[in-house]
K.L.:
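What follows is a structure written as structure tokens; I'll ask about it next.
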Amino acid sequence: MKKHNFYAGPSILSEYTIKNTAAAVENFAGTGLSLMEVSHRSREFVAVMDEARALVRELLDVPESHDVIFLGGGASLQFCMVPYNILNKKAAYLDSGTWASKAIKEAKIFGEVEVVASSKDRNYSYIPKHYTISPEAEYFHITTNNTIFGTELHHLPDVPVPLVSDMSSDIFARPVDVSRFDVIYAGAQKNLAPSGVAVVIVRRDALGRVERPIPSMLDYRIHVNSGSMYNTPPVVPVYAALQTLKWYKELGGIAVIRQKNIEKATILYDEIDRNRLFTGTAAVEDRSLMNVCFVMNEEYRTLESSFNEYASARGIVGIKGHRSVGGFRASIYNAMPKSSVETLVEAMKSFEQTV
Ligand SMILES: *Cc1c(COP(=O)(O)O)cnc(C)c1O
């Protein structure tokens with residue numbers, strides 16, 4: 001039976017990515033060797049790294065002022081790497097979810113952190129909107145998509161300081177004005193590749209301003225200057241990332257992908273709003289196009305596990321909600337075909353008939 005993969009992360013990858021990566025694990029670029037056993041300094045792998053960085057640049061229209069690097073350690077390492085490299089005295093943070101609060105915790109080690117607003121009061125079910133940023137803040141950290149709670153910033157905030165964003169679960173899902181950011185970072189395992197690597201876009205001018213010494217592996221400048229080859233990079237995830245990026249380009253680029261994402265999310269939210277069994281958990285205006293969170297209405301709550309089984313009998317995998325929200329979460333990243341979303345919607349409709 002075909003599986004419809006709604007896992008939040010690691011999550012669905014395109015067939016193109018999986019097939020090409022599997023082939024390279026067997027025989028990489030005609031070398032007769034596995035991708036896993038070839039020097040990262042080989043001509044063939046250096047070409048992979050260079051092309052992956054160039055494609056990130058092309059797809060997101062990254063300006064000359066910024067560099068693109070691939071780093072190990074996932075998004076969580078960036079929670080400390082960002083302040084280590086660019087927080088001198090004070091930074092502003094938006095507390096919009098679990099990941100944001102983890103970023104805040106790390107930043108506090110390095111300087112004064114002003115949490116300008118939080119949506120914790122209502123279990124992070126909305127994006128806080130009315131706040132002011134003091135001009136002394138060196139940057140304003142946001143999480144553009146809150147993977148766990150299914151909320152998304154649909155507009156970049158209008159603030160007088162550079163932005164820094166955790167885009168782990170919405171990078172490449174929509175066009176972004178990179179020039180407004182000092183740093184953009186994203187763990188790969190939502191919209192790009194298997195886990196083990198993060199893509200980081202950093203403004204060169206923002207670096208070298210802090211007083212503290214920075215250990216080499218945590219210093220963005222070291223990685224920028226070595227073309228992401230300071231140490232052995234995670235070669236298989238980087239190779240897979242390149243395949244996904246090529247696939248994105250073939251699809252027509254990020255603006256085209258965004259349209260498909262809107263279409264997919266609309267089909268699912270429309271059903272949640274129509275179906276008498278279900279309710280969405282995120283504020284309607286902040287609903288994420290990537291992670292769709294919903295629960296069963298109070299009177300049907302005991303049916304949640306039955307629906308889970310009903311769905312899994314139809315090949316639908318990974319829709320159980322995060323423990324901090326409960327219910328269901330359907331992650332519909334770029335690689336998720338519309339037909340899989342339709343399969344879920346059909347299951348919701350036919351389950352409703354049985355109740
Ligand atoms: C998944 C996720 C993370 C954590 O990523 P790791 O690579 O596991 O460190 C951080 N932020 C967001 C928004 C995420 O979705």
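Counting starts at 1 for both ligands and their atoms, in listed order.
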K.L.:
Before giving the answer on side chain to side chain donor-acceptor pair (under 3.5 Å), spell out for Y248 and S14 the whole-Å C-alpha distance, their side-chain angles and the decisive distance to 0.1 Å.
P.N.:
CA-CA 10 Å; Y248 287 167; S14 72; over 6 Å; no
K.L.:
Does a side chain donor of either D166 or T143 reach within less than 3.5 Å of an acceptor in the other side chain?
P.N.:
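Checked: D166/T143 side chains show no N/O donor-acceptor pair below 3.5 Å.
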K.L.:
If you take the centroid of each ring, where Trp contributes its six-membered ring, are F28 and Y239 closer together than 6.0 Å?
P.N.:
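Ring centres of F28 and Y239 closer than 6.0 Å.
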K.L.:
Say you draw a straight line from CG of L344 to CG of L268; how long is it, rounded to the nearest 0.5 Å?
P.N.:
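So the gap between those two atoms works out to 5.5 Å.
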K.L.:
For atom 9 (O) of ligand 1, what's the nearest protein heavy-atom neighbour? Residue, atom name and distance, please.
P.N.:
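Heavy-atom neighbour on the protein nearest atom 9 (O) of ligand 1: S76 OG, 2.6 Å.
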K.L.:
Taking N or O atoms only and a 3.5 Å limit, does G73 qualify as a polar contact for ligand 1?
P.N.:
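No, since none of the N or O atoms of G73 sits under 3.5 Å from an N or O of ligand 1.
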K.L.:
Determine whether the aromatic ring centres of F307 and Y300 lie less than 6.0 Å apart.
P.N.:
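For F307 and Y300, the ring centres are not under 6.0 Å apart.
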K.L.:
Heavy-atom distances under 4.0 Å decide this one: backbone, side chain, both or neither, for N145 against ligand 1?
P.N.:
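Just the backbone.
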K.L.:
Can you name the atoms of ligand 1, numbered from 1 with element, that are less than 4.0 Å from a heavy atom of G74?
P.N.:
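Every atom of ligand 1 under 4.0 Å from some heavy atom of G74: 7 (O), 9 (O).
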K.L.:
I would like to know whether Y93 and Y139 meet ring pair (Phe, Tyr, Trp, His ring centres under 6.0 Å); could you show each step before the answer?
P.N.:
CA-CA 8 Å; Y93 275 69; Y139 62 84; 5.8 Å; yes
K.L.:
Give the residue, atom name and distance (to 0.1 Å) of the protein heavy atom nearest atom 11 (N) of ligand 1.
P.N.:
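Checked against all protein heavy atoms, atom 11 (N) of ligand 1 sits closest to D166 OD2, 2.6 Å.
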K.L.:
For Q78 and Y220, does a side-chain donor sit closer than 3.5 Å to a side-chain acceptor?
P.N.:
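There is such a pair between these side chains.
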K.L.:
Side chain, backbone, both or neither: which applies to Q189 and ligand 1 if a contact is any heavy-atom pair less than 4.0 Å apart?
P.N.:
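Near ligand 1, Q189 shows its side chain, while the N, CA, C and O stay back.
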K.L.:
Heavy-atom pairs closer than 4.0 Å: do any link ligand 1 to the side chain of F79, the backbone, both, or neither?
P.N.:
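Contact part for F79 vs ligand 1: side chain (C-beta onward).
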K.L.:
Considering T143, L77, T147, which one's heavy-atom position lies nearest to atom 15 (O) of ligand 1?
P.N.:
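Nearest heavy atom to atom 15 (O) of ligand 1 lies in T147.
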K.L.:
Looking only at protein heavy atoms, identify the closest one to atom 5 (O) of ligand 1 and say how far it is in Å.
P.N.:
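Protein heavy atom at minimum distance: A75 CB, 3.5 Å.
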K.L.:
Select one of side chain, backbone, both or neither to describe which atoms of K190 lie under 4.0 Å from any atom of ligand 1, heavy atoms only.
P.N.:
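For K190, only side-chain atoms sit under 4.0 Å from ligand 1.
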